[in-house]
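Below, chain A is the first sequence line, B the second, and so on; all start at residue 1. Since this is a predicted model, take the numbers as computed values, not measurements.
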There are 2 protein chains.
Amino acid sequence: MIARMTWDAMDDHHPSARLRRLPSRMLSMVAMHADRLVSEGLAREDARKWHYAALVALDEAGPASQAELSKRTGIYRSDLVAVINELAERGHVERAPDPADRRRNVITVTEPGRRHLRRLDKLITELQDDVLAPLTQPEREQLTGVLAQILEHHSRSRTS
Amino acid sequence: MIARMTWDAMDDHHPSARLRRLPSRMLSMVAMHADRLVSEGLAREDARKWHYAALVALDEAGPASQAELSKRTGIYRSDLVAVINELAERGHVERAPDPADRRRNVITVTEPGRRHLRRLDKLITELQDDVLAPLTQPEREQLTGVLAQILEHHSRSRTS
DNA sequence: GTATATCGTTAGTGCCACTAACGCAAGACG
DNA sequence: CGTCTTGCGTTAGTGGCACTAACGATATAC
């Protein structure tokens with residue numbers, strides 16, 4: 001049912017020094033690991049990363065159209081369709097046509113959706129902790145600071 | 001021909017604070033970005049990440065069977081088949097049956113393969129620089145140090 | 001009032017991590 | 001010797017994700 005439970009490709013072998021210390025490679029391995037932890041954790045609550053992202057975006061900035069939600073979360077509007085379907089099935093959001101613009105749907109978090117989000121928030125916090133487990137608090141801040149810089153830099157270099 | 005040239009999903013919108021500072025999310029975004037830079041760079045030399053990984057592993061520890069190579073690089077042995085095919089087509093490695101164990105193939109880097117690798121090494125170094133562009137040297141070392149710690153920690157917790 | 005842009009949606013592409021199963025060969029052991 | 005297990009390369013397939021293309025319907029701009 002759940003794929004990606006094993007992890008053998010990265011186990012106890014001895015990759016060459018050149019590969020082992022390649023920043024881009026380390027980044028993708030750590031990201032992959034983090035992703036797996038998070039996805040498996042969320043699966044225990046019958047949720048996926050995108051569910052969380054969509055709920056957070058709705059919770060923080062209020063009801064929105066799918067296009068707007070896509071911009072807030074970075075989820076492609078084509079993929080968002082399924083995410084909203086799933087959240088609606090579970091009763092966590094409602095999808096209603098926008099009377100003011102009939103091309104749009106207005107997505108709203110329901111009360112159960114909010115409760116669900118609270119659980120997910122807690123879970124996500126724990127999972128972040130698992131990911132960063134070996135790091136001290138200052139190290140964690142260094143890491144997030146540095147990652148933020150990189151993201152900042154690259155979005156700047158792309159948008160005029 | 002080359003997919004993933006655009007990047008709009010991550011552009012100039014305003015993700016919620018909760019999402020924006022989520023370490024696992026930052027990691028995957030940065031990793032994705034790095035990966036794209038590297039893949040596009042390597043594509044200019046008609047190579048892929050796996051080609052580089054395999055060549056490095058062969059270069060550093062000498063000829064090896066595919067299984068051995070899979071352990072060195074982390075590439076699944078099923079996926080390695082295609083990688084070796086491609087490298088062999090380009091004349092960068094040779095695949096020969098191992099007389100000592102007829103189940104195995106011995107993969108050897110050719111001289112053109114070594115020259116190719118030298119180009120890739122140079123390119124990869126530049127690309128790492130692009131990825132880490134906004135960071136100072138000490139910050140780069142912090143980042144790689146911290147990433148190494150995380151990888152270390154997680155491989156320890158999986159292997160007895 | 002016709003061109004143009006936007007919205008939700010469907011379908012599909014290609015890459016990647018990963019699994020399953022195959023035929024074949026080697027090693028272990030009685 | 002024969003059987004049993006284990007490791008090898010290979011093929012095929014799964015599922016997720018990032019991403020593109022194109023559609024009908026509606027809104028906006030000229």
task = Kindly indicate, with the supporting measurements, whether the criterion side-chain hydrogen bond (donor to acceptor under 3.5 Å, both in side chains) is fulfilled by B:Glu68 and B:Ser65.
result = CA-CA 5 Å; B:Glu68 165 66 18; B:Ser65 69; 5.6 Å; no
Hey, does the side chain of [X] come within less than 4.0 Å of [N]'s phosphate (OP1/OP2), counting only N and O?
X        : N      : result
B:Gln66  : D:dC8  : no
B:Arg102 : C:dG27 : no
A:Asn85  : C:dT9  : no

Let's see if you can work this out: which of [options] has an atom nearest to the side-chain heavy atoms of [X]?
X        : options                : result
A:Tyr76  : D:dA18, C:dT9, C:dA17  : D:dA18
B:Ser78  : C:dC7, C:dT9, D:dT11   : D:dT11
A:Val81  : C:dT10, D:dA18, C:dA26 : C:dT10
B:Ser65  : C:dC24, C:dG8, D:dG9   : D:dG9
B:Arg104 : C:dC16, C:dT10, D:dG9  : D:dG9
A:Trp50  : C:dG8, D:dT10, D:dC17  : D:dC17

query = Between B:His51 (NE2) and C:dC16 (C1'), how many Å, whole number?
reply = 14 Å
message = At less than 3.5 Å, do the side-chain atoms of A:Arg103 and the base atoms of C:dT6 form a donor-acceptor pair?
response =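 Yes.
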ask   = Does the side-chain contact (heavy atoms from CB on, under 4.5 Å) test come out yes or no for A:Thr108 and A:Val106, once each step is laid out?
value = CA-CA 6 Å; A:Thr108 320; A:Val106 181; 4.1 Å; yes
Donor-acceptor contact below 3.5 Å, side chain A:Ser70 vs main chain A:Ile75 =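 Pair found, side chain donor or acceptor close to backbone of A:Ile75.
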request  = Please work out if B:Arg77 contacts a base, only the sugar-phosphate, or nothing of the nucleic acid, heavy-atom cut-off 4.0 Å.
outcome  =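 Here B:Arg77 touches the bases of the nucleic acid.
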inquiry  = Side chains of B:Gln66 and B:Arg95: any donor to acceptor distance under 3.5 Å?
reply    =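 Short answer, yes.
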